[in-house]
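Worksheet: one structure, shown below.
Everything numeric in this text was worked out from a predicted model, so none of it was measured. Whatever order the structure lists ligands and atoms in, that order sets their numbers, starting from 1.
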Amino acid sequence: MTDKTLGDATIAIHGGEGRRVLGQPVAAPIVTATSFFTHPDAAGFSASDLKANAPHFYTRWSNPTLALLEGRLAALEGGEAAVSFASGMAAIAALFLGRLGTGDHLLLSDVCYAGVAEFAHHTLPKLGIEVSAVDTSSPHAVSAAMRTNTRLVHIETPANPILKLTDMAAIAQVAHAGGAELSVDSTIATPIGTKPLAFGADYVCHSLTKYLCGHGDALGGAIIGKAELLAELRKEQLIHMGGALAPFSAYLIFRGMETLAPRMALHEANARKLEAFLATHPKVRKVLWPGSARHPQYELAQRQMRNFSGLLSFSVRADGQGMARQLAERLKLISYAVSLGSTKSLCFFIPTDDILKSSFRLDGTAEAKYREWAGDGVFRLSAGLEDAEDLLADLEQALD
Ligand SMILES: *Cc1c(COP(=O)(O)O)cnc(C)c1O
């Protein structure tokens, strides 16, 4: 059931379902089997013996519970196929290692998930892969940063932690004109917010740990895109590097995904109220949320997003570190904790000096631009599903 005329809320509950068979369980089964899938013939043992539509063989190759999740993710993103991984990092690392080799160039967004930036800047160069960062909010800057050996352009929109946006259609054009592929980390937007493949991306990356699972109780990741390219990724990266998703986690994520559409509407509604409150708070220097007309790229957000998600970031006028300690001590409902996309509201401070040094490695105007958005640090606030009035009251007493 991948009928394109179905709505997202319906696809989140039925997408990827096969034809109804009488007596079939209505809820997803957790198939815990690892190696015990019986085979009708003497299948080869090598990953390269894997045929399209081969029966399940070993859970690191494929598994019925993972297949259900992958089918639904592909349906939600409007992609041909999906491959699941043990975490978002496992998925993105697999994609980079699968698509890039010695002598190739990766062009990376100058602001993105810290783990992705660190893996790209610290680890890939050891393998002879060139990596450079660029402000992907400017298609001209991306065009100028393309090299003859650029194979992959990786962006994140909205991007951690300052929620800067990238024009996906414009960057897809620039990447393809230069003979490169485009991957989009759409973890913050979710398929309810946007569908990067429809804007020309070759791959969508998700940390399933966040909104797709939605309850903060399972790690997972996925890449969605063309079936042929994902079959290669499964063979060479999933099977051989081994970062397979556990069936129990896949079940939790699959179950969480059924309520993705109504949850995103509630996350967005709460974020809208928190943004309005923070925007007029005397201690707040800047608040960034793509659903607000105060966001500097509001027009782009309107063009490529249909839900603005529940993540916002703000900086304070004085001493971010001091305010971080104050919030950690005083917040009662909102947890002072990392991550995002849970039922529970979360808040965490990301000091600018630290993230520039450890993750982004920016200098010159790129550093100045980041500091303009982030000040001495940003509080990343993930609006949960509590009553908005209670969240506002908690934040107000803690900021006071
Ligand atoms: C959390 C996150 C990741 C990493 O995902 P894990 O599941 O924690 O490995 C990657 N990208 C973004 C945007 C994230 O928020």
Over 60° means perpendicular and under 30° means parallel, so tell me whether Phe96 and Phe119 are parallel, tilted or perpendicular. parallel

When you check the side-chain N and O atoms of Tyr203 and Glu181, is any donor under 3.5 Å from an acceptor? yes

Distance, nearest 0.5 Å, that separates CE of Met305 from CG of Leu300: 9.0 Å

State, without any angle test, whether His215 and Thr343 hold a side-chain donor-acceptor pair at a distance under 3.5 Å. no

Same apolar cluster: Ile155 and Leu165, side chain cutoff 4.5 Å: no

Table of N or O contacts for ligand 1, cutoff 3.5 Å:
unit_1, atom_1, unit_2, atom_2, d
ligand 1, 5 (O), Ser207, OG, 3.0
ligand 1, 7 (O), Gly88, N, 2.8
ligand 1, 7 (O), Ser207, OG, 2.8
ligand 1, 7 (O), Thr209, OG1, 2.6
ligand 1, 9 (O), Gly88, N, 3.1
ligand 1, 9 (O), Met89, N, 2.8
ligand 1, 11 (N), Asp185, OD2, 2.7
ligand 1, 15 (O), Asn160, ND2, 3.4
ligand 1, 15 (O), Lys210, NZ, 2.7

On a heavy-atom basis, the closest approach of Glu367 and Leu362 is OE1-O, 3.5 Å

